[in-house]
Amino acid sequence: MVGPPALPSSWTRLSPDFCRRDAREVAPELLGWIFCADSGSPEGRSGLPRGRSGLPRGRSGLPRGRIVEVEAYVQDGDAASHSHNGPTPRNGVMFGEPGRLYVYFTYGMHWCANVVCGEQGSGEAVLIRAVRPLAGLQSIRERRPRARRDRDLTNGPAKFCQAFEVDGDANGSDLCGTGPFSLWSDGARPERIDVSPRIGISRAVELPWRWFDPDDENVSR
DNA sequence: TAAAAGATCCCCT
DNA sequence: GGGGATCTTTTAT
């Protein structure tokens with residue numbers, strides 16, 4: 001039994017300090033980072049973690065994707081944010097340590113994932129809206145049977161979670177430590193970054209807190 | 001206790 | 001471009 005390929009040592013791992021800033025500052029900087037469906041830790045490699053589908057997250061099926069679209073959500077003055085009215089059972093992770101994964105369930109069937117940002121207690125996060133698959137394409141396709149074209153595999157926040165099997169079990173997990181998912185940078189940055197209002201919200205619709213790579217076909221719009 | 005809305009996706013026209 | 005699916009969370013009564 002052979003584990004997945006070791007993550008290149010030149011990569012930089014996400015740190016709590018990187019996230020301990022205003023989500024609107026962190027969000028555009030997360031474009032180009034690589035979301036990995038394992039912790040990158042020795043335990044994560046040898047453990048071959050499996051999701052609910054039973055498909056292995058490790059070995060050659062290990063999905064990895066480069067973030068190409070994000071949105072920032074903060075507490076103050078952001079009526080569209082889950083954290084806007086203070087902590088609740090659902091959004092508690094948003095008020096916790098930066099560098100954690102905030103996963104929520106919506107529309108009765110979809111999961112969405114955020115990177116917690118800001119100081120503890122600030123209630124900020126960056127929604128991962130889309131990634132470009134880099135590895136594990138076969139397992140991604142298996143988890144996204146409804147996608148007709150490859151560009152539909154991960155070009156939306158819930159599609160991304162489906163493809164990487166991010167669900168409520170991962171809520172609060174540590175992206176910087178031994179959690180089931182991790183974030184890394186190989187130094188690559190998008191050539192261009194565009195900004196626009198956020199998508200799919202009905203309040204605070206004017207705030208320009210969505211950032212994306214306009215040259216990537218995996219952005220949701 | 002009830003009701004409404006929701007950081008979406010998919011299929012149909 | 002429009003509407004249905006589907007159910008949890010939150011807010012209002």
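In the text below, chain A, chain B and the rest are named by the order of the sequence lines, each starting its count at 1.
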Pairs: protein N or O with nucleotides 11-13 of chain B N or O, under 3.5 Å:
none

How close or far is atom [atom2] of [N] from atom [atom1] of [X], stated in whole angstroms?
X	N	atom1	atom2	result
A:Q162	B:dC9	CD	P	8 Å
A:M109	B:dC10	CE	P	10 Å
A:E124	B:dA7	CD	P	18 Å
A:H110	B:dT8	NE2	P	9 Å
A:L153	B:dC10	CG	P	10 Å

A:H82 and A:Y104: aromatic ring centres closer than 6.0 Å?
yes
Quick one: does NZ or CZ of A:R20 land under 6.0 Å from the six-membered ring centre of A:F18, within 45 degrees of the ring axis?
no
Apply side-chain contact (heavy atoms from CB on, under 4.5 Å) to A:V205 and list each qualifying residue two or more places apart in sequence or on a separate chain.
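side-chain contact (heavy atoms from CB on, under 4.5 Å) check on A:V205 returns A:I201.
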For [range], which residue pairs qualify under salt bridge (charged side-chain N to carboxylate O under 4.0 Å, His left out), counting only residues two or more places apart or in two chains?
range	result
residues 86-97 of chain A	A:E97-A:R100
residues 179-193 of chain A	A:R66-A:D186, A:R192-A:D215
residues 148-158 of chain A	A:R141-A:D150, A:R149-A:D152
residues 74-89 of chain A	A:D78-A:R198

Minimal non-hydrogen separation, A:A204 against A:A80, with atom names:
CB-N, 4.1 Å
What is the minimum heavy-atom distance between A:I193 and A:L31, and which atoms define it?
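Looks like CG2-CD1, 3.7 Å.
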Would you say CD of A:E217 has more than 12 non-hydrogen atoms from neighbouring residues, nucleotides or ligands within 6.0 angstrom?
yes
Would you say A:R221 places a side-chain N or O within less than 4.0 Å of OP1 or OP2 belonging to B:dC9?
no
DNA chain B in dot-bracket, Watson-Crick or G-U pairs under 3.5 Å, [ ] crossing, | other strand?
||||||.|||||.
Looking at residues at least two apart in the chain, or sitting in another chain, which of them share a ring-ring contact (aromatic ring centres under 6.0 Å, His included) with A:F35?
A:F160, A:F164, A:F181
Under the salt bridge (Lys or Arg N to Asp or Glu O under 4.0 Å) test, which residues partner A:E29, sequence neighbours left out?
A:R21
Write out all pairs satisfying ring-ring contact (aromatic ring centres under 6.0 Å, His included) with one or both partners inside residues 137-158 of chain A, taking only residues at least two apart or from two chains.
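Listed by first then second residue: nothing to list.
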With heavy atoms under 4.0 Å as the rule, sort [X] into base, sugar-phosphate or nothing.
X	answer
A:A158	sugar-phosphate
A:R210	nothing
A:N114	base

Report the C-alpha separation of A:E124 and A:S83 in whole Å, then their side-chain angles, then the decisive distance to 0.1 Å, and conclude whether the side chain to side chain donor-acceptor pair (under 3.5 Å) test is met.
CA-CA 7 Å; A:E124 306 180 18; A:S83 61; over 6 Å; no
Has A:Y104 got its ring stacked on B:dA7, by the test of a centre gap below 5.5 Å and a plane angle below 30°?
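A:Y104 vs B:dA7: stacking no.
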Below 4.0 Å from chain A heavy atoms, what is the first contacting nucleotide of DNA chain C and what is the last?
C:dA5 to C:dT11
Give me the distances for all protein-to-nucleotides 2-6 of chain B N/O pairs that come in under 3.5 Å?
{"residue": "B:dG6", "atom": "OP1", "partner": "A:S202", "partner atom": "OG", "Å": "2.5"}
{"residue": "B:dG6", "atom": "N2", "partner": "A:Y107", "partner atom": "N", "Å": "3.4"}

